[in-house]
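To start, the structure itself, in structure tokens.
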Amino acid sequence: MEEAVSAAERPATEDGTAPQHGYTGNKDAYLRRLKRIEGQVRGIARMVDEDKYCIDILTQVAAVTKALHAVSLGLVEEHIGHCVVGAASEPDPDARAEAIDAKVKEAADAIGRLLR
């Protein structure tokens with residue numbers, strides 16, 4: 001199985017800055033959603049600690065799962081709209097085909113991980 005490339009291993013842009021990703025324009029919204037999800041997970045842990053009813057805990061787990069799926073789908077959409085479309089703008093036809101294939105494979109692999 002292929003290992004994911006960490007952000008530290010991704011190349012910087014030519015000017016030495018970190019590359020801009022498709023989600024960059026919505027980064028603050030993603031961070032707010034993730035902080036809200038983090039709070040929900042802490043609430044679930046508190047429910048377990050306080051011996052709350054199992055069905056109530058499962059209801060909260062389902063809510064967190066749904067929230068994480070929403071974030072995931074947003075990121076997949078951003079990847080396709082930015083990274084795949086960006087690969088399609090490569091001027092060299094051979095490099096373009098290779099770049100598109102790589103970005104589509106990344107998206108398909110990510111979707112596959114989400115469905116497991």
Side-chain angles (χ1 to χ4, degrees):
M1 176 161 65
E2 270 185 53
E3 301 244 348
V5 177
S6 73
E9 295 171 328
R10 293 184 201 281
T13 59
E14 289 179 15
D15 64 0
T17 61
Q20 185 166 352
H21 301 289
Y23 64 84
T24 301
N26 297 317
K27 184 176 177 178
D28 290 338
Y30 280 113
L31 288 171
R32 280 192 305 274
R33 290 178 88 178
L34 290 167
K35 287 183 186 300
R36 192 174 326 124
I37 292 167
E38 181 181 15
Q40 288 177 286
V41 171
R42 281 194 305 270
I44 292 169
R46 191 170 38 256
M47 290 174 77
V48 171
D49 185 52
E50 295 171 358
D51 294 317
K52 298 294 183 185
Y53 186 55
C54 53
I55 297 301
D56 293 338
I57 296 169
L58 289 170
T59 299
Q60 294 306 309
V61 169
V64 168
T65 301
K66 185 174 180 179
L68 283 171
H69 281 156
V71 169
S72 299
L73 288 174
L75 289 170
V76 167
E77 184 177 332
E78 303 269 13
H79 175 73
I80 292 168
H82 180 265
C83 300
V84 175
V85 169
S89 67
E90 168 64 45
D92 175 34
D94 293 331
R96 179 175 45 241
E98 186 176 321
I100 291 170
D101 287 347
K103 294 301 177 183
V104 169
K105 181 169 179 8
E106 284 177 350
D109 290 347
I111 293 166
R113 287 189 299 273
L114 290 171
L115 295 175
R116 281 188 227 144

Is [Y] reachable from [X] through a run of I, L, V, M, F, W or Y residues, each pair having side-chain heavy atoms under 4.5 Å apart?
X    : Y    : result
I80  : L114 : yes
I100 : V85  : no
Y23  : V71  : yes
L115 : L73  : no
V48  : I37  : yes

Search all heavy atoms of [X] against all heavy atoms of [Y] and return the closest pair with its distance.
X   : Y   : result
R33 : A70 : NH2-CB, 3.2 Å
N26 : E78 : ND2-OE2, 2.5 Å
L75 : Y30 : N-OH, 3.4 Å

[atom1]-[atom2] distance between [X] and [Y], expressed to the nearest 0.5 angstrom:
X    : Y   : atom1 : atom2 : value
I111 : H79 : CD1   : NE2   : 8.5 Å
I44  : D49 : CD1   : CG    : 13.5 Å
K66  : Q40 : NZ    : CD    : 11.5 Å
M47  : I57 : CE    : CD1   : 5.0 Å

Item to check | Lys/Arg N to Asp/Glu carboxylate O, D101 vs K105, below 4.0 Å | outcome: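 The answer is no: the pair does not qualify as a salt bridge.
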Checklist entry - Is K103 salt-bridged to E106, cutoff N-O under 4.0 Å? => result yes
Checklist entry - In terms of heavy-atom contacts, does CD of E77 have more than 12 from other residues, nucleotides or ligands at under 6.0 Å? => result no
Checklist entry - If you draw a 6.0 Å radius around CD in E38, do more than 12 non-hydrogen atoms from other residues or ligands fall strictly inside? => result yes
Item to check | Partners passing salt bridge (Lys or Arg N to Asp or Glu O under 4.0 Å) against R32 (at least two apart in sequence or in another chain) | outcome: none
Item to check | Contact check, side chains of T65 and H69, non-hydrogen atoms, under 4.5 Å | outcome: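 Yes; the side chains approach each other to less than 4.5 Å.
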